[in-house]
Amino acid sequence: MSLDATVVCVWLMSGFDRPLHYRLPDSMVENAEPGSLVNVPLGRRQTIGLIVEKDCQPDLPLMQLKLVLNLVYPVPVMTPALLKLGAWLRQYYGASIQNVLETMIPGPVRQGMRAKEEKYVSAVKEADAETLAALEKRAPKQAELYQFLAQQFRPQKKSLVLSRLDASPAAYTGLLKKGLIKEEARKVERVAYDDELGDVEYASKQEIVLNDEQDACYRSIAESVRAGKFTTHLLYGVTGSGKTEVYIAAMEEALKAGKSVLFLVPEVALTPQTVGRLRSRFTEHKDAHAVVWHSSLSDGERLDAWMALATGTARVVVGARSAVFAPLPNLGLVIVDEEHEPAFKQDETPRYHGRDVAVYRSFLENVVCVLGSATPSLESYRNVKLGKYKEDRLTKRIDDRQLPMMHVVDMRIEMMRTRKPVTISNLLAEKLRDRWEKGEQSILFINRRGYNASMLCNECGHVEECKHCSIPMTFHRSDNTLKCHLCGHEAEPPWRCPECKSDSIRGKGSGTQRIEDVVKSILPRASVVRIDTDTMGKKHLFREILGDFRKGKIDLLVGTQMIAKGLDFPNVTLVGMVDADLSLHVPDFRANERTFQLLVQVSGRAGRGDLAGEVVVQTFTPHAEPIQFARRGEVDEFLEVEIQSREQFQYPPFRHLVRQVFRSRNGDKAMFFAEQFARKVEARMGNKIEMRGPTPCSIEKMKDHYRFHIWYFTQNVSGLMRVLKEVEAEVPLPKDVMQIFDVDPMSVS
DNA sequence: AGCACGCCGACT
DNA sequence: GTCGGCGTGCTC
């Protein structure tokens, strides 16, 4: 064996959580690169793996290394920066190699599916009458086929021709052998987006004219793009201030420099307007060609899109969070629209946050990252204040439309007046009637998040909170207890409100169905349509309803917050919101933030032309901060106050939450190991972490097993993960004790 | 994750 | 005697 054998380090797809070394056969030394997918032998089977390093030091003698079998694709499926990103994901989110590869490489690519080819046929124009006549006698089917093809101007799909003429493959091959027809294979370009976003109006390709503010933002971003250094910009622009134009201008800047662009949206289906505009702008861009990446692509479409990106055919990706791993070889700009949206967070391992990964990828690629929002997340806003991000602001709405007037209806007073439960307040009912009479449209949002989950006093708005964690406790109807989902603390549900001694403290909320009925009794002759999860499931129905609403066939749309996102209806002058405070009472550190974002988002939907819209918010807690700040349109002020309170209580999101769960049938045993584990971690991390559990209150009994939770709060996730791995090696867990990791910078519910 | 090896109980 | 349960350990 030669001494200069090339050794590669490979990440295996088969749940083997350690890199292994292989030798490259001479024939592959040229083509196999870091990022190449390869087949390798493992034991006596064969598995697929990813080369992460070339020319590396093996931890075994050379002769014990096996040879790489073959390359799955001639080109690498991951760029060097993506390989680094993968290593980071593994470390930061405590994910296994398999997890990481499954997340970063789409299934059809992993399985080595090739681009679909279709055969096309055309007639060769040299057949003379003589041969034709002979053909007609001896092989009528072939003659028929030939004549059909001779009439066509362009090559036809083989399968289509055969089925149309009801011809057998035998006749076809006969013709082929005679040389009368010729066949060519064409790669099929599957166009992914047409059905999905078909009803989106295509924005005209007119030149974008930026107003002064937009231009200033654009120039700030363009300057960073030209500087070619990692910089994060927060494009902080009120609803309707025209962030998309700034994005487009910035994208063109990057494209002009020959770079590619990654554009992330929270959910493709919920941002059809933005996606539609980008697509129509870049699909036929000279050589940029946009790819839309989302969950409902078929395998073939996914593979084609991936290949188009990997080979540089397409230089723009617009997609949901998983598009952050798009294999763009020459990245120049990353944009995250609506960066505050929770949809960027993945809720399975690896529990990554699309925005955070986007920022980190930008860092690795040394490019500009733009985060856009009308209501920035606390962490992004704070990063601006800390000087980590640059801020670009858009303060004016593009059409100079006034922000809508927001009325806050105190439902406690409403209930006292009528002496019975109220769904729609007098004010809201009045305004709904008024709009209907004027022929204007309204939207009614029903906030169902946290329905019946918390104890709320109907008199004073008091909500039961955990005495340890200061988050709302969750009401469990099954065993009639209140539980804290953070520390596991349990309590008896109170009979009377501890604040005002009223006995009307209970879980609260009204279903969409009931609200629809009430609304129909208020507006008996209006056309009222309800949108809920059932409707959302059926895409066509959903689109149809939205289409009808836009056309004015529907007077009032009733639905949950899913209709608040990204949709713009020009004729809506009233937006009502029922149970606005429900999302305040879900056991989540972001409850305030979410509620505020929702209110701001909803307000942005009201108003038409120069006519300011109106918003009616019904709530039991009119003085809650998110509601008050939203009413006055004070976004910065809200964020400042919220950040201050976070700093005071040392809550996430300024530190990360790492959750470790020990699961076992044997309660005592799992408890023992959990405690041992926790103590060792604490000893090593010192004051770099704060822990909760394991204590009696962090035990959760499931059907046949127990779960012990340890929560670590830290700013040093990587350090903690390393320590966790060390302790894991030191204290091997018995087989009947299972351990689950969870890194979660976002939600603590 | 697979897939072997291996050590025990229950069958023709 | 062997077939098959799944516990343990290894894979460059």
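Chain identifiers are assigned alphabetically (A, B, ...) following the order of the sequence lines, protein sequences preceding nucleic acid strands; residue numbering begins at 1 within each chain.
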Chemist: Identify whether any heavy atom of A/Pro41 sits under 4.0 Å from a base atom; if not, whether one sits that close to sugar-phosphate; answer base, sugar-phosphate or nothing.
Modeler: sugar-phosphate
Chemist: Round to the nearest Å and state the distance from A/Leu65 atom CG to C/dC12 atom C1'.
Modeler: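 In whole Å, C/dC12 C1' and A/Leu65 CG are 6 Å from each other.
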Chemist: From CG of A/Leu50 over to P of C/dC12, roughly how many Å is that when rounded to an integer?
Modeler: 18 Å
Chemist: Check the distance between C/dT11's C1' and A/Arg18's CZ and give it to me in whole angstrom.
Modeler: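 About 9 Å, once rounded to whole Å.
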Chemist: Round to a whole Å and report the spacing from CG of A/Asp17 to C1' of B/dG2.
Modeler: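 So the two atoms are 15 Å apart, to the nearest Å.
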Chemist: I want to check something: taking the side chain as every heavy atom from C-beta on, are A/Phe263 and A/Asp337 in contact at a cut-off of under 4.5 Å?
Modeler: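 Contact flag for A/Phe263/A/Asp337 side chains = yes.
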Chemist: Distance check needed: B/dA1 C1' versus A/Glu102 CD, whole Å only.
Modeler: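 After rounding, the reported distance stands at 10 Å.
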Chemist: More 5' along DNA chain B: A/Gln98 or A/Arg44, using each one's nearest nucleotide?
Modeler: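 The answer here is A/Gln98.
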Chemist: With the side chain counted from C-beta on, respond yes when A/Tyr93 and A/Val100 share a heavy-atom pair under 4.5 Å apart, and no when they do not.
Modeler: no
Chemist: Looking at every heavy atom in both A/Glu339 and A/Ser380, which two are closest together, and how far apart are they?
Modeler: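 Here A/Glu339 and A/Ser380 meet closest at OE1-OG, 2.8 Å.
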Chemist: Expressed in angstrom and rounded to an integer, what is the separation of A/Leu42 atom CG from B/dC3 atom P?
Modeler: 10 Å
Chemist: If you look at every strand shown and take non-hydrogen atoms under 4.0 Å, does A/Phe16 touch a base, only sugar-phosphate, or nothing?
Modeler: base
Chemist: May I have the distance from A/Ile97 (atom CD1) to C/dC12 (atom P), rounded to whole angstrom?
Modeler: 15 Å
Chemist: Using a 6.0 Å distance limit plus a 45 degree cone around the ring axis, check whether A/Arg321 lies over the aromatic ring of A/Trp293.
Modeler: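 Ring-cation test returns no.
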Chemist: What is the separation between atom CG on A/Asn99 and atom C1' on B/dA1, rounded to the nearest whole Å?
Modeler: 12 Å
